[in-house]
Colleague: 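I am attaching a structure below and will ask some questions about it afterwards.
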Number of protein chains: 2
Amino acid sequence: MPGRNRVTLREVAEHAQVSVATVSRVLAGNYPVATETRRRVEQSIQALDYVANVHARALAGVAPRTVAFVLPDIRAQAFAHAAQGVEEASAEHGALCLICTTQGDPERERAVFHLLREQRASAVILIGGVIDDEEYCKRITDLSNGLTAADSRLVLCGRPPVDGVPSIEYANEAGAYAVTQHLLSSGHQRILFLGGPTSGPATTTVTDRLAGYRRALGHPGWVQPSDFTRESGYQQLCARLPEDFTAVFAATDLVAAGARTALRSHGLRVPEDVSLVGYDDLDLAEDLGLTTVRVPYEDLGRAAVHLALSSRTEHPVLETSVVVRTSVAHF
Amino acid sequence: MPGRNRVTLREVAEHAQVSVATVSRVLAGNYPVATETRRRVEQSIQALDYVANVHARALAGVAPRTVAFVLPDIRAQAFAHAAQGVEEASAEHGALCLICTTQGDPERERAVFHLLREQRASAVILIGGVIDDEEYCKRITDLSNGLTAADSRLVLCGRPPVDGVPSIEYANEAGAYAVTQHLLSSGHQRILFLGGPTSGPATTTVTDRLAGYRRALGHPGWVQPSDFTRESGYQQLCARLPEDFTAVFAATDLVAAGARTALRSHGLRVPEDVSLVGYDDLDLAEDLGLTTVRVPYEDLGRAAVHLALSSRTEHPVLETSVVVRTSVAHF
DNA sequence: CTGTTAGCGCGTTCAC
DNA sequence: GTGAACGCGCTAACAG
């Protein structure tokens with residue numbers, strides 16, 4: 001039976017002694033076919049191990065939905081969770097899910113987008129930190145227009161919205177505000193914010209978190225730049241360590257993990273000597289007993305798909321919440 | 001310019017005052033076209049924002065390569081890393097990368113495979129623990145035959161090889177042997193293996209690791225079942241905790257994380273009171289200072305793609321290595 | 001109920 | 001160098 005495949009409709013038709021139209025009909029199932037005929041056709045399909053050709057099908061007008069999820073790096077847990085949401089929601093809609101990584105390379109991003117337009121993707125969902133400037137707006141607008149013209153949709157995920165482009169966000173600033181508030185109400189006064197670009201402009205992810213921190217504080221506070229990596233968190237906090245603060249607000253859990261190591265290597269305990277909070281609520285937050293802000297990444301991905309596959313153009317904002325563990329001392 | 005898309009070759013041809021054949025030629029670039037003509041066509045393509053239709057193209061014989069990576073759950077870090085490798089290698093080959101998750105549901109797995117055959121995927125790579133029985137062999141063989149018949153390829157990744165199906169593995173048993181040896185040579189005598197099915201048959205992932213443990217020990221040792229989750233590691237170790245062992249070999253880092261929590265909640269310190277090793281070398285191993293076995297998941301994914309896109313049918317085995325950190329005490 | 005046929009958009013012989 | 005025409009596999013009218 002594993003005989004030469006690439007079996008076509010016609011071959012099935014011949015085998016079953018019917019016309020191609022009839023075979024097409026039993027396949028689609030949306031048209032009356034005599035029970036006896038149907039059975040014969042189904043047998044032939046089985047016997048020949050026939051599998052329809054999407055390309056021919058698409059060309060003939062029945063395009064299977066495809067949603068593409070474009071992200072910088074699937075190894076980042078937050079993105080992986082979002083991807084999971086996208087995958088599940090796509091499956092629910094009977095859509096195929098394409099996952100493309102760009103490694104943050106604009107060149108590669110362009111290539112990916114071109115590929116996706118060629119694929120006639122029903123929707124493309126974009127996630128990953130960005131710098132919110134005019135260049136960004138223009139680029140997104142162009143992308144969106146290109147996609148829209150091809151009956152597709154661009155949906156922004158956890159990114160600053162752009163006029164006319166549907167997007168789904170989470171309450172980023174509010175989460176930062178809440179966790180800072182948590183620190184303040186625990187009696188902390190001097191709270192260091194660990195995050196922000198070590199060089200160049202900042203992504204909105206961190207500027208929003210910083211804004212929340214400052215709103216809660218009521219003043220600019222103390223900021224130590226750090227990239228969104230464990231390593232950078234470690235090094236940047238070390239650079240600041242002689243100073244006296246009673247708590248550190250790391251821009252992400254990963255940074256918090258690095259900060260924790262830095263603290264420890266300086267003989268400082270968490271939370272006895274210094275309190276620590278993070279952001280994202282990754283698995284490691286649980287390992288570390290880290291108080292952090294939970295971001296519903298899976299829901300974010302799921303919502304993005306729903307938005308993409310509907311024709312709505314709203315900008316929902318998902319809630320974030322503080323998850324209290326054991327990394328904050330109360331005075 | 002964002003005017004109605006779905007621009008076809010013909011429209012470009014009309015715009016450029018040439019025939020469709022000519023446009024097709026400048027697009028392919030593999031045929032002589034007068035410089036002047038070529039320029040005109042290129043301008044028209046730009047002006048109309050023309051994007052080729054893969055489906056039509058595929059139907060006409062120029063199929064873009066597509067490699068599909070089928071895995072249980074993208075949230076598992078090990079799989080995410082493998083996916084990264086697959087993605088990168090696919091990109092290098094100019095192939096599109098499809099990522100499909102099955103949630104371990106056989107039903108969903110079938111659906112995914114059907115979808116992939118419809119898509120005429122050039123190759124499909126399968127990862128995720130399995131029970132190595134006759135049913136498995138038969139299923140894989142059928143899948144492989146179906147794919148082969150359609151000019152596609154099935155590649156097994158980190159799974160027990162099946163006759164005639166190319167696969168790529170890592171030295172699973174050897175890694176377990178090595179890390180157990182490391183424990184033994186550090187003076188440990190009573191080492192508990194934490195892993196294996198809490199019910200039903202075991203996947204080869206864990207049976208191989210258990211085999212390595214036993215080979216190093218020279219006898220059956222002590223085994224406490226545990227699923228591959230943090231939670232299970234915690235509970236299953238707690239169930240065993242009154243006993244006296246000086247070290248725990250957790251079947252995965254995740255299990256080790258759970259085990260560590262269990263140890264701590266019983267007032268036992270790592271490594272002073274009990275030593276602990278894991279398997280996989282996920283990020284959390286670094287956070288926890290966990291001595292573990294490094295599995296080159298990204299290379300695994302990369303190698304799978306190379307194997308899939310070549311016509312070789314070998315069974316390479318990637319090396320594993322012990323990463324020594326601070327979770328093992330030396331006597 | 002079932003068969004015939006005209007495209008879907010593109011690559012590719014063939015002639016010119 | 002360039003154009004006209006056929007076919008890839010399938011769906012959707014349109015006839016019977």
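Chain letters run A, B, ... following the sequence lines, proteins first, then strands; residues in each count from 1.
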Colleague: Relative to the 5' end of DNA chain C, which residue comes earlier, A/Thr35 or B/Ala52, by the nucleotide with the nearest heavy atom?
Modeller: A/Thr35
Colleague: Between A/Ile45 (CD1) and D/dC10 (P), how many Å, whole number?
Modeller: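 For the pair A/Ile45 CD1 and D/dC10 P, the rounded distance is 10 Å.
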Colleague: Rounded to the nearest 0.5 Å, how far does CD1 of A/Ile99 lie from CD of A/Gln84?
Modeller: 8.5 Å
Colleague: Does the side chain of A/Ser24 get closer than 4.0 angstrom to OP1 or OP2 of D/dA12 through an N or O atom?
Modeller: no
Colleague: For the residue pair A/Gln46 / A/Glu42, report whether a side-chain donor-acceptor contact shorter than 3.5 Å exists.
Modeller: no
Colleague: First contact, last contact: which nucleotides of DNA chain C are these for chain A, 5' to 3', heavy-atom distance under 4.0 Å?
Modeller: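 Answer, 5' to 3': C/dC1 to C/dG9.
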Colleague: Rounded to the nearest 0.5 Å, how far apart are NE2 of A/His93 and CG of A/Leu309?
Modeller: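 It comes to 5.5 Å.
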Colleague: Is any NZ, NE, NH1 or NH2 atom of the basic residue among B/Glu92 and A/Arg108 found under 4.0 Å from an Asp or Glu carboxylate oxygen of the other?
Modeller: no
Colleague: Output the rounded distance in Å from CZ (B/Arg120) to P (D/dG9).
Modeller: 9 Å
Colleague: Going by modelled atom types, is there a donor-acceptor pair between the base of D/dG3 and the side chain of B/Arg25 at under 3.5 Å?
Modeller: yes
Colleague: Evaluate the side-chain proximity of A/Arg159 to A/Tyr136: yes if any heavy-atom separation is below 4.5 Å, no if none is.
Modeller: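 Side-chain contact under 4.5 Å: yes.
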Colleague: Quick check: on DNA chain C, is the nucleotide nearest B/Leu59 upstream (toward 5') of the one nearest B/Val20, or the reverse? Name the residue that is more 5'.
Modeller: B/Leu59
Colleague: State whether B/Ser19 places a side-chain N or O below 4.0 Å from either non-bridging phosphate oxygen (OP1 or OP2) of D/dA4.
Modeller: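 Result: no.
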Colleague: Do side-chain atoms of B/Ser144 reach the backbone of B/Ile140 as a donor and acceptor pair under 3.5 angstrom?
Modeller: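 Such a contact is absent between B/Ser144 side chain and B/Ile140 backbone.
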Colleague: What is the distance from atom NE2 of A/His15 to atom CD1 of A/Ile45, rounded to the nearest 0.5 Å?
Modeller: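 Between A/His15 NE2 and A/Ile45 CD1, I get 10.5 Å after rounding to 0.5 Å.
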Colleague: May I have the distance from A/Glu11 (atom CD) to D/dC8 (atom P), rounded to whole angstrom?
Modeller: 11 Å
Colleague: Write down the distance between OH (B/Tyr31) and C1' (D/dG3), rounded to a whole number of angstrom.
Modeller: 12 Å
Colleague: A/Val33: what forms a side-chain contact (heavy atoms from CB on, under 4.5 Å) with it, not counting sequence neighbours?
Modeller: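 By the side-chain contact (heavy atoms from CB on, under 4.5 Å) rule, A/Val33 matches A/Thr22, A/Arg25, A/Val26, A/Thr37, A/Arg38.
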Colleague: Evaluate whether atom CD of B/Glu314 has more than 12 neighbouring non-hydrogen atoms of other residues, nucleotides or ligands under 6.0 angstrom away.
Modeller: yes
Colleague: Determine the contact category for A/Ala34: base if any of its heavy atoms lies under 4.0 Å from a base atom, sugar-phosphate if only primed atoms, P, OP1 or OP2 are that close, otherwise nothing.
Modeller: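 Counting heavy atoms under 4.0 Å across all strands, the contact made by A/Ala34 is with sugar-phosphate only.
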Colleague: Rounding to a whole Å, what distance do you find between A/Leu9:CG and D/dG7:P?
Modeller: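 Spelled out: CG on A/Leu9 to P on D/dG7 is 18 Å.
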Colleague: Using whole Å, report how far CZ of B/Arg10 lies from P of D/dG3.
Modeller: 15 Å
Colleague: Say whether B/Arg10 and B/Thr8, considering side chains only, have a donor N or O and an acceptor N or O under 3.5 Å apart.
Modeller: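 Not at all, the side chains of B/Arg10 and B/Thr8 share no donor-acceptor pair under 3.5 Å.
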Colleague: With DNA chain D as reference, determine whether B/Ala21 or B/Ala56 sits nearer its 5' end, using the nearest nucleotide of each.
Modeller: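 Whichever sits nearer the 5' end wins; that is B/Ala21.
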Colleague: Could you pick out which residue, B/Thr37 or B/Ala60, lies toward the 5' side of DNA chain D when each is mapped onto its nearest nucleotide?
Modeller: B/Thr37
Colleague: Return the angle between end axes of the helix from C/dC1-D/dG16 to C/dC16-D/dG1, with five pairs used per end and rounding to 10°.
Modeller: 40°
Colleague: Grab the CG-P distance between B/Asn53 and D/dG9 for me, whole Å please.
Modeller: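 About 16 Å, once rounded to whole Å.
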